[in-house]
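Notes follow once the structure below has been shown.
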Amino acid sequence: MKFRGFREATVLIALAAILAISEGIYFRDKISWQSPIPASELVTVDQARAWGDGAIWVDARPDEEFAQDHVPGALSLNEDRWNELLPQFLPNWSPEKRVVVYCSAESCNAARDVAKRLRDEAQIKDVFVLQGGWEEWLKKK
């Protein structure tokens, strides 16, 4: 009887370990305590402000949030309307300008996704994600 209970517990522990290891492997690039954005692609509010007119601010949040409030002079460019908004963004960009993309908060992925698309699809090199996003901007306002 004792041996059977021990065996069942061992099987349950082994199954749980296999599931945990599988999940860790599958989600290895999405671990919450690791930033999916390399440090070289992040910028603080103070750094971005120091760039002055040499920076273009891009709001990756949904249209409703952009309409409520945004960084002064920021352009809306989000995933929902990418094909419509990108042609409106491009005339404002020039190679000597840096692009600062932000979304709601540090945990928001929209800024990372828009920044990646600007690099990959629009072939823009100096694209940065605002560390802390809109929440951080409001703190430093």
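Here the CD-CG distance, from E135 to L130, works out to 11.0 Å after rounding to the nearest 0.5 Å. In this structure, CZ in R61 is found 7.0 Å from CG in D69, a value given to the nearest 0.5 Å. The distance from atom CG of L118 to atom CZ of F89, rounded to the nearest 0.5 Å, is 5.5 Å. Atom NZ of K116 is separated from atom CG of N109 by 13.0 Å, given to the nearest 0.5 angstrom. Note that NZ of K140 and CZ of R49 are 8.0 Å apart. Values are rounded to the nearest 0.5 Å. Taking CD1 from I56 and CG from L77, the interatomic distance works out to 11.0 Å, rounded to the nearest 0.5 Å.
Remark: N92 pairs with L75 by the side chain to side chain contact (heavy atoms under 4.5 Å, CB included) rule, at least two apart or across chains. Applying the salt bridge (Lys or Arg N to Asp or Glu O under 4.0 Å) rule to K97 yields no partners; only residues at least two apart in sequence or on another chain are considered. Under the rule for a salt bridge (Lys or Arg N to Asp or Glu O under 4.0 Å), the partners of E79 that lie at least two apart in sequence or sit in another chain are R117. Shown here are the salt bridge (Lys or Arg N to Asp or Glu O under 4.0 Å) partners of K125, two or more places apart in sequence or in another chain: there are none. Shown here are the side chain to side chain contact (heavy atoms under 4.5 Å, CB included) partners of D80, two or more places apart in sequence or in another chain: N78. In this structure, D53 has no salt bridge (Lys or Arg N to Asp or Glu O under 4.0 Å) partners at least two apart in sequence or on a different chain. With sequence neighbours left out, the side chain to side chain contact (heavy atoms under 4.5 Å, CB included) criterion links E84 to R81, Q88.
Applying the ring-ring contact (aromatic ring centres under 6.0 Å, His included) test to pairs two or more places apart or on separate chains, those with a residue in residues 43-79 are W51-F128, W57-W137, F66-H70. Annotation: disulfide (SG to SG under 2.5 Å) contacts involving residues 110-141, sequence neighbours excluded, are absent. Counting only residues at least two apart or in different chains, disulfide (SG to SG under 2.5 Å) contacts with residues 45-95 are absent. Residue pairs meeting the disulfide (SG to SG under 2.5 Å) criterion with at least one member in residues 49-141, sequence neighbours excluded, are C103-C108.
Placement of W93 and V101 within a single hydrophobic cluster is found when ILVMFWY residues are connected by side-chain heavy-atom separations under 4.5 Å, directly or transitively. Cluster annotation: V129 and V45 are assigned to distinct hydrophobic clusters (Ile/Leu/Val/Met/Phe/Trp/Tyr, side-chain heavy-atom contacts under 4.5 Å, transitive). Linking Ile, Leu, Val, Met, Phe, Trp and Tyr residues whenever their side-chain heavy atoms come within less than 4.5 Å places V127 and V114 in a single cluster. Hydrophobic cluster membership differs between W134 and L42, with clusters built from Ile, Leu, Val, Met, Phe, Trp and Tyr side chains linked at under 4.5 angstrom.
Side-chain contact between Y102 and V58 is absent, with no heavy-atom pair separated by less than 4.5 Å.
At distances below 3.5 Å, not a single donor-acceptor pair connects side-chain atoms of R112 with backbone N or O atoms of I37. Looking only at distances, no side-chain donor or acceptor of E65 sits under 3.5 Å from a matching main-chain atom of P62.
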* Report the C-alpha separation of I124 and L90 in whole Å, then their side-chain angles, then the decisive distance to 0.1 Å, and conclude whether the side-chain contact (heavy atoms from CB on, under 4.5 Å) test is met. => CA-CA 10 Å; I124 298 174; L90 290 173; 4.3 Å; yes
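Hydrophobic cluster membership of I13, counting Ile, Leu, Val, Met, Phe, Trp and Tyr whose side-chain heavy atoms lie under 4.5 Å apart directly or via other members: none, as it forms a cluster of its own.
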